[in-house]
Amino acid sequence: MSEMFSMTDVTVCYDNVEAVRNVSLSVEEGQIVTVIGPNGAGKTTLLMAAIGLLASRGRMVFQGGDIGKMSVEDRVERRLCLVPEKRELFSDMSVADNLLLGSYSLRDRSGVQTTLDEVYDRFPRLKERQRQAAGTLSGGERQMLALGRALMAKPKLLMLDEPSLGLAPLIVREIFRTIASLRDLGVSILLVEQNARAALETADYGYVLETGEVVQSGPAKDLIHDPRLITAYLGGH
Ligand code: ATP
């Protein structure tokens, strides 16, 4: 397995407060890696730094190249992609136009229609609703649209910020099934979640973030049986 993405001793500050402190993690090619942790642990901050929306100290390597000082545009062009927590769809625009916007960073336009067809195959619900305004979709459909739009950029590493947030349990299961199927397509995934159980059931490897620091890490199948994590995050099952 080769390394897709890594952070080494990454620190991110808001004014002088360190929201993320000396975090090191890595995602191997074709892996789903999850970062779990409570509210305010620094999970969103970590992803914002990875995509370049927040400045950070430390080292960040994507596909063998140092991206730590690169602009967001350059990172996106290298096929690093973030689906933010708020999903940030264009409510007044149609499903189809939201999807097409996802491909704007691709220089080569020749494959856009094929990619759109692949996204519609993966999400038949979006195909049915392609002319509907994004703002009229249900919560689950919006998350599917956000995932579909990210896929339009042909990501090598897809970073997802709490894709299960605000969704009913059945829909959460569907979203995580979809995420697992993306790995089967060869997309590497960095998944930030408060829903620790669903995230660990889907992921290959996990990191636990508390107050800005990694306090534990390991194969997801081991973390899910860890007594401390069961008490703290996994609902005691
Ligand atoms: P949640 O799951 O609630 O989104 P999180 O793990 O994603 O939490 P962050 O949103 O990354 O956590 O926040 C980490 C810390 O940084 C928190 O203490 C938060 O209050 C602080 N923080 C976040 N954004 C800012 C900001 N723009 N300015 C100052 N502090 C911030």
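Atom set for the values below is all heavy atoms of this structure, side chains included, hydrogens, waters and symmetry mates excluded. When a ligand or atom number is given, it counts from 1 through the structure's own listing order.
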Quick one: which ligand 1 atoms are inside 4.0 Å of a heavy atom on [X]?
X    : result
P38  : 6 (O)
T45  : 9 (P), 11 (O), 13 (O), 14 (C)
A19  : 15 (C), 16 (O)
E85  : 4 (O)
T44  : 4 (O), 5 (P), 7 (O), 10 (O), 11 (O)
A41  : 5 (P), 6 (O), 12 (O)
K43  : 2 (O), 5 (P), 6 (O), 7 (O), 8 (O), 11 (O), 12 (O)
E162 : 2 (O)

- Query: Which heavy-atom pair separates E85 from T44 by the least distance, and what is that distance?
  - Reply: OE1-OG1, 3.6 Å
- Query: Which heavy atom of F90 sits nearest a heavy atom of A134, and at what distance?
  - Reply: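 Smallest heavy-atom distance, with atoms named: O-CB, 3.5 Å.
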- Task: Check the pair D161 / K43 against salt bridge (charged side-chain N to carboxylate O under 4.0 Å, His left out), numbers first and verdict last.
- Result: CA-CA 8 Å; D161 195 355; K43 304 183 299 298; over 6 Å; no
- Query: Could you go step by step and tell me if T178 and R122 meet the side chain to side chain donor-acceptor pair (under 3.5 Å) rule?
  - Reply: CA-CA 8 Å; T178 304; R122 185 161 296 273; over 6 Å; no
- Message: Give me the residue, atom name and distance of the protein heavy atom closest to atom 12 (O) of ligand 1.
- Response: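 For atom 12 (O) of ligand 1, the nearest protein heavy atom comes out as G42 N, 3.1 Å.
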- Query: For atom 31 (C) of ligand 1, what is the nearest protein heavy atom, given as residue, atom name and distance?
  - Reply: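 So the nearest neighbour among protein heavy atoms is Y14 CD1, 3.2 Å.
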- Message: So for G212, does at least one of its heavy atoms come nearer than 4.0 angstrom to any atom of ligand 1?
- Response: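 So G212 does not count as touching ligand 1.
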- Contact with ligand 1 for M48, non-hydrogen, under 4.0 angstrom: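 Not so, M48 does not reach ligand 1.
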- When hydrophobic residues are tied together by side-chain contacts of less than 4.5 Å, even through go-betweens, does L82 share a cluster with V20? yes
- Are Y120 and V112 connected in a single hydrophobic cluster, I mean Ile/Leu/Val/Met/Phe/Trp/Tyr linked by side-chain heavy atoms less than 4.5 Å apart? yes
- Query: Distance from M70 atom CE to R75 atom CZ, nearest 0.5 Å?
  - Reply: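 Here the interatomic distance stands at 8.0 Å.
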- Of the listed options G40, G37, A49, closest to atom 14 (C) of ligand 1 (non-hydrogen atoms):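 Looking at heavy atoms only, G40 sits closest to atom 14 (C) of ligand 1.
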- When you look at L190 and L158, which way does the side chain to side chain contact (heavy atoms under 4.5 Å, CB included) test go after all the steps? CA-CA 6 Å; L190 183 58; L158 185 57; over 6 Å; no
- Message: Hydrogens and angles aside, do Y14 and T45 bring a side-chain donor and acceptor to less than 3.5 Å of each other?
- Response: yes
- Query: Does atom 23 (C) of ligand 1 have a protein heavy-atom neighbour under 4.0 Å away?
  - Reply: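 There is a protein heavy atom less than 4.0 Å from atom 23 (C) of ligand 1.
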